[in-house]
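Values below: all heavy atoms of this structure, side chains included; hydrogens, waters and symmetry mates excluded. Start at 1 and go down the list; that is how both ligands and their atoms are numbered.
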Amino acid sequence: MTETVMKNEATEEIARWGNTVKQAPYYPAYHIAPPVGLLNDPNGFIHWNGTYHLFYQWMPFHTGHGAKFWAHLTSGNLVDWEFHGPALAPDRWYDRSGCYSGSAVEKDGELILFYTGNVKNGEGERESYQCKVRSPDGVTFEKLGVSIELPKGFTPHFRDPKVWKTGHSWYMVIGAQTEDKEGCVVLYDSPDLESWQYKGILASGLGYMWECPDFFRLEGDVLLFSPQGLEEQGMDYRNMYQSGYIIGDFEDGFRTEDFRELDHGFEFYAPQTMEDDAGRRIIIGWMGMPDGGEEYFPTHDYHWIHQMTLPRELSQKGDTIVQKPLVEMEELRMRKVVEESQEKWEGKIPASSEILLQDIDGDVDIELFRYISLRCSKGKAILTRPAMDGSGEEWRATVLDSPLTEIRLFVDHSSIEIFINGGETVFSSRIFPEKEETSGIINGDLSLTVWELRRQTGGKTV
Ligand code: FRU
């Protein structure tokens, strides 16, 4: 099938189901979610020619995984996103089972994308190709074919190229699995984005596969990746797969003992970062988890599933990466609905809201929508919700880096993002409370402000 036919079919799905999706009770007001079908990883996040571009892994035809498209969105303010439909469709011999994750850079004024062409061949085996695309205008996308074939020593679990430039050199990290079934990140470099040289393994050794690597500099060099196959250890690694970072040194290496999870919630995976024109390192993640209970989400009946996290600004404090909601998110505040300082507060929380707890002295207990609760006590934070598969309760927890002073929560119909102590500790999770439930209970010595947040203005049209 030609690319145009495939893209048209994807667009027709939006026409067919768009209204059903829009009216879905759990559809977010201000987070990025698909107009129909399934969304997963953020891809190609870039600030280019004064506009923010974001792509994502998109399955338009059903709410499961499969031969992914890249959907394309743009924004002037990182709050309101305009949806432009499919940028890439899986129409070539080298990507026919999916245009898998990748990244964007600018070269000579053009937008250049790198992604993984995923192929399941006639023998049921996987092949993977790192592919290149150019776009002179951010509207049309021309596939330029395969840039990198699978090198020796790795299985075809070799994907998700992230490209950046340092000095006169281009670099690419790729998530991979060695033939000994060890997860790793490999490094390539290039003088011109045309010819690529394999430079070796940058880091390895946690689990059996590392997906979606990223590299950037804060105070130290940061390697971000999503390892699969880690054993649960007390409060750590309780999700099906993890996403985290190692702060190390590009020349001297990255030690897996220094790996830390980025987010402690139930749903957070495959994040990607970019540096914007203001020099901010901004991250956005998939608020989902592969093989982690997606089948139980109640949104399938409405023909959509999954959403992104909010974009967050990164900084480094000691050996912690701090994630702070972008200052732009304050534009979402439509009206203040609560301003109180009582030890025990009970009231209504809008389905789309920001809740700010400041001047905290001592322990805090929050219960929202009779569904999810956060308890912060004795230097620990514990998040509890009904188990997705209906078997009792499930929890995630972590030790706080510093004494509790502030909790900021973003609620959006079926999601919650919790930023503790200015983003030192973060929990991202989907929530599926009863439809009209508004109950909020907050206990603690603190001052409380709640805003109702507006819808983002783009997002659902082509
Ligand atoms: C991570 C991931 C990537 C892959 C993409 C496919 O969620 O498995 O490794 O490129 O999703 O949609």
**Student:** Find out whether I247 and I321 are in side-chain contact, i.e. whether some heavy atom of one side chain is under 4.5 Å from a heavy atom of the other.
**Tutor:** yes
**Student:** Among H157, E211, M289, which residue places a heavy atom closest to atom 8 (O) of ligand 1?
**Tutor:** E211
**Student:** Return a yes/no value for R159: is any of its N or O atoms, backbone included, closer than 3.5 angstrom to an N or O of ligand 1?
**Tutor:** yes
**Student:** Quick one, E9 and V5 - any side-chain contact, counting heavy atoms below 4.5 Å?
**Tutor:** yes
**Student:** Which word best sums up how the rings of Y27 and W304 line up, parallel for under 30°, tilted for 30 to 60°, or perpendicular for over 60°?
**Tutor:** perpendicular
**Student:** For the pair T116 (side chain) and Y100 (backbone), establish whether a donor and an acceptor sit closer than 3.5 Å, ignoring hydrogens and angles.
**Tutor:** no
**Student:** Please identify which atoms of ligand 1 are closer than 4.0 Å to at least one heavy atom of S101.
**Tutor:** 5 (C), 10 (O)
**Student:** Residue-level breakdown please: for T116 versus ligand 1, do any non-hydrogen atoms fall below 4.0 Å on the side chain, on the backbone, on both, or on neither?
**Tutor:** neither
**Student:** Counting heavy atoms only, which of D41, D160, L38, L39 is nearest atom 5 (C) of ligand 1?
**Tutor:** D41
**Student:** For the residue pair R430 and F266, would you count it as a cation-pi contact if the rule is NZ or CZ under 6.0 angstrom from the ring centre and within 45 degrees of the ring axis?
**Tutor:** no
**Student:** Going by the atom numbers of ligand 1, which of them fall below 4.0 Å from some non-hydrogen atom of Y269?
**Tutor:** 1 (C), 7 (O)
**Student:** I want to know if ligand 1 touches Q57 in the polar sense, i.e. an N/O pair below 3.5 angstrom.
**Tutor:** yes
**Student:** What are the atoms of ligand 1, with element, lying closer than 4.0 Å to any heavy atom of N40?
**Tutor:** 5 (C), 6 (C), 7 (O), 11 (O), 12 (O)
**Student:** Would R217 pass as a cation-pi partner of W164, given that its NZ or CZ must be under 6.0 Å from the six-membered ring centre and within 45 degrees of the axis?
**Tutor:** no
